[in-house]
Every structure is written in C-alpha cells, then in structure tokens.
Engineer: 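Sharing a structure here in structure tokens format.
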Protein chains: 2
Amino acid sequence: MPAGKLLSHIKNLTLLSADEEKQIEDVLEKKTIRKRQFLLHEHQIAKVAAFVISGCLRSYSIDRNGFEHILQFAPENWWVTDMYSFISGKESYLNVDALVDTEVLILSREDQQHLCGKISQLEHYFRVITEKALVSTQQRLMDNLSTTARQRYEKFCGTYPGLINTLPQKLIASYIGITPEFLSKIRGEFLREN
Amino acid sequence: MPAGKLLSHIKNLTLLSADEEKQIEDVLEKKTIRKRQFLLHEHQIAKVAAFVISGCLRSYSIDRNGFEHILQFAPENWWVTDMYSFISGKESYLNVDALVDTEVLILSREDQQHLCGKISQLEHYFRVITEKALVSTQQRLMDNLSTTARQRYEKFCGTYPGLINTLPQKLIASYIGITPEFLSKIRGEFLREN
DNA sequence: CCCCCCTCTTAATATAGTTTAAGATAATTT
DNA sequence: AAATTATCTTAAACTATATTAAGAGGGGGG
C-alpha cells in the first residue's frame, strides 16, 4: 500500500472512513523520479502535485541571468508543485527535480478538486497544510527582509539539521539567497570562531 | 448589512444558501479601526482575522535593530492577521495597524473552525484564498531573491497602481525591503530618465 | 586507472544597498 | 498662522554581498 504514508499524514489532522481512504488511494499514482530527473519544467502547466514518500525533490526558478533560486526542498512527507500554475492553469515559472532517487505519489488538480468536493475532511486537510505552508513562506520572506546572510545560514542549520550535511552547499546557498562563494566565506569565519 | 462585501467575496468562489449566509453573518463583528490604531500587537495571541471593508491595514514585524518590515498591505476585500499565531495559538510576531480609518469584519479562529466544519463551501473558500495568498507570498519571496530593488519598485508600481500615490514612500520602501533613502535615490534616477 | 567535470575554497575587485547627517517639504498640532 | 513633527531628498562614507578568477580536492564514467 504505497499510499499509506500519505493517508497517515492526512489522519494526523482529521479522520477518514475506510471508504474515503479507498477513494483517495484510487486516484493516486505512484512514481519514481531518479536523481536529476524532472517532475516539472518551467513553462509547462503543473497539472499535478507530488507527495514525497522517500528521497528529496526541490523546486526552483531560474532568473534572467541564469541563476537558480530554490523555493523549496521537499523531503519525506512534503508536498511540492508549482502552486501558481497548479491553481491557475497557467505556465509554471518553477522547475521541480530530484536531488536523489525519489518515490512520490502523484495527485492531479482535477482529482484533488473533485475529491475535495466529495470528502470534506480532505478539503480540511488541504486547507490546514496550505495554511502551514503560507506561514513558513511568510516567515522565510520576513527573514530575508530582516536578517543577514549569516543569520539565515545559522537558522537554516537549526531548522534543517538533517539537510545540512547531505545537501551540497551550493544548494543551501541558493536557498538562503546568496552565492556559493559567499556561503563558503561565511562558513570559513564560522569555523575559525570555534 | 455590513457583511455584504464579505458574502459577495465568498460567492465569487462558491455558492451559499440563505441559511448559510445567515450563520456566517451571525459570527461576524463589525469594527472601526482609526488611523494608527492597532488590531494586533506582537506577543499577543491572534485570536481573530480581519476582513477589510474600507480603508487599509498593514501587517509588519520589527527586527532586533528596531526596523519595520511590512509583510502585507490589506486594502478593501483583503484578509489580514498574524497567520502564524492565528493557526498555532502561539505569540504573534507581527503587528497589525491601520494606515487610514478602516472598517473591518472580525472573525475568530474558533468561529472559523466551527463554521468550516458545518459549511463545506466555507472551508472551500478559505482553502482557495489561502492557496492564492501562498502563491503571492512565494512570488514575492522569489522576487526578493532574484531581482534588484529597482525591479521590485517597478513591479510594485505595476501591481499596486492604487497604492503608489496614496502610501508614504517609507512604507513602500519597507515593503520592497530597502531603506527610504535608497528608494528616494531610485526614484530620482527614474524621473531623470523620462 | 585516469581523466574530466563538478564542487569547494580563497582572494582581489566591484557593486548594490546602508548609514549618517543635513537641509528642504509637507503634514499635524496648537 | 505659527510651531512642531514627520517625511522626503541629496550626498559622502561605509558595509554586505556579488563577481571574477584561479587553484585544490573528489567522485563517477569511460
């Protein structure tokens, strides 16, 4: 039952009957995305969202100068898509690819909307996780407006102790919004102080 | 019927029966917030959210050096609160105050949760507007990571043509994440080029 | 096994944005 | 209307971060 992890995730926030579980399972599609392969390319329409069972995806944009900026890491139990495209049906501006071999459950917007209309507990689930995603994006935005690169790096270490030693540094730099060279410099100072 | 504007806003996205409208109206409280008065102070618990009928509120944080950073302007038809505190019940980190005399409808988290359980169309409404808020926060974050202050200013002019001539510039500077002095410099260059 | 590519580091130089300070305008209060 | 306070502008000096360049170390593919 590959959908088990997602069903548990939903049942942490609400209740589901056996029949409802079945309906949800029926629309999910399990998929493997190998390292460096893409779930979504910019300019495509994001018709689906992905729930990560194992591995890690990331979403990022590429600016007019060719630099990548990471919006989100999606390890186990996280959803990821280009939300803008997913809800509007317009071209995505994000790319989503795999940092390591990754197993996901695929849910289309169409199925999501249809099921939310039938299963009000599912609509509740998506409202609540969207609220949480909003909060964490807001906090990240405020951090970017009010703290230095160094403070953001230290915060990242605290928030994602699991990722700090597995991810290449250039990805961390891209996430906290600085160049890899500058991150290296910060880390250098950091080490020398201890 | 002070709730009319909010009910219209909801009915743009979904359908409500007359009875459901009544239930919603019953829990809303109309309130006037005068210029410079606060709806919420940091360190309080945000037990309510506000829907703006007329006027304009803003939410902002104060960093450790005493500088303000504006997260959101809330003109007519926008919701505002400290979402982090609202959903977690923990201390807020945002302040919400009025930029001009403002009329709002107040909805408590308790009433929201209770009504969403009874009126699935309302849960749908909140899911959809939360998704939209998430998208716009994500895009603002990506803009902050990938564009210059000047590009952000130009984008702000395009996105909020209504606010650009009513808001004091120091507020715009705070929103786009720069000092008022630097915004003034950008505007100076801008004018000289035309 | 070696080569090549990719990542990380270091350092010099360049730039976007801040800080400080002062004067000029505009808006409130008295 | 005067007095006071807040906002806007300008400019010089400063700082955080970017850019460029070059070299060192590692891991995967042929």
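Because the structure is a prediction, the values reported are computed rather than measured. In what follows, chains are A, B, ... by sequence order, proteins preceding strands, each numbered from 1. Hydrogens, waters and symmetry mates play no part in the numbers below; they use all other heavy atoms, side chains included.
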Engineer: When you measure from every atom of DNA chain C, which of residues 157-174 of chain A have a heavy atom less than 4.0 Å away?
Structural biologist: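 Per residue number, the list reads Pro168(A), Gln169(A), Lys170(A).
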
Engineer: Is the phosphate of dC8(D), meaning OP1 or OP2, less than 4.0 Å from a side-chain N or O of Ser184(B)?
Structural biologist: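 Looking at the OP1 and OP2 atoms of dC8(D), neither is under 4.0 Å from any side-chain N or O of Ser184(B).
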
Engineer: Between His69(A) and Tyr175(A), is the ring centre distance below 6.0 Å?
Structural biologist: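 Distance test on ring centres: not under 6.0 Å, no.
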
Engineer: Could you check whether Trp79(B) and Phe126(B) have their ring centres less than 6.0 Å apart?
Structural biologist: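 That pair passes the under 6.0 Å test.
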
Engineer: Looking at DNA chain D, which of residues 142-150 of chain A put a heavy atom within less than 4.0 Å of it?
Structural biologist: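 Heavy-atom cutoff 4.0 Å gives Thr148(A), Ala149(A).
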
Engineer: Between Phe38(A) and His41(A), what is the ring plane arrangement, given parallel below 30°, perpendicular above 60°, and tilted in between?
Structural biologist: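 Parallel.
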
Engineer: State, to 0.1 Å, how close Leu145(A) and Gly177(B) come at their nearest heavy-atom pair, and which atoms those are.
Structural biologist: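 Looking at all heavy atoms of both residues, the shortest contact is CD2-CA, 3.7 Å.
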
Engineer: Applying a 4.0 Å non-hydrogen cut-off, can you work out what Lys185(A) is touching in the nucleic acid: base, sugar-phosphate, or nothing?
Structural biologist: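 Base contact.
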
Engineer: What about the rings of Tyr93(B) and His43(B), do their centers lie closer together than 6.0 Å?
Structural biologist: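 They do not qualify: ring centres at least 6.0 Å apart.
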
Engineer: Once you round it to whole Å, what is the distance between C1' of dA18(D) and CD1 of Ile178(A)?
Structural biologist: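 Result: 11 Å.
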
Engineer: Relative to the 5' end of DNA chain D, which residue comes earlier, Gly188(B) or Leu183(A), by the nucleotide with the nearest heavy atom?
Structural biologist: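 With Gly188(B) and Leu183(A) compared, the 5'-side residue is Gly188(B).
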
Engineer: Can you tell me how far P of dC8(C) sits from CZ of Phe190(A), to the nearest Å?
Structural biologist: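 The distance from CZ of Phe190(A) to P of dC8(C) comes to 17 Å, rounded to the nearest Å.
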
Engineer: Atom CD of Glu181(B) to atom C1' of dC14(D): distance rounded to whole Å?
Structural biologist: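 In whole Å, dC14(D) C1' lies 14 Å from Glu181(B) CD.
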
Engineer: Provide, to the nearest angstrom, the distance between the NZ atom belonging to Lys35(A) and the C1' atom belonging to dG27(D).
Structural biologist: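 Going from Lys35(A) (NZ) to dG27(D) (C1'), I get 10 Å.
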
Engineer: Under 4.0 Å from OP1 or OP2 of dC8(C): is there any side-chain N or O of Arg187(A) that close?
Structural biologist: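 For dC8(C), OP1/OP2 do not have a side-chain N/O of Arg187(A) under 4.0 Å.
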
Engineer: Measure the distance from CG on Asn65(B) to P on dT15(D) and round it to the nearest whole Å.
Structural biologist: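 Rounded to whole Å, this separation is 15 Å.
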
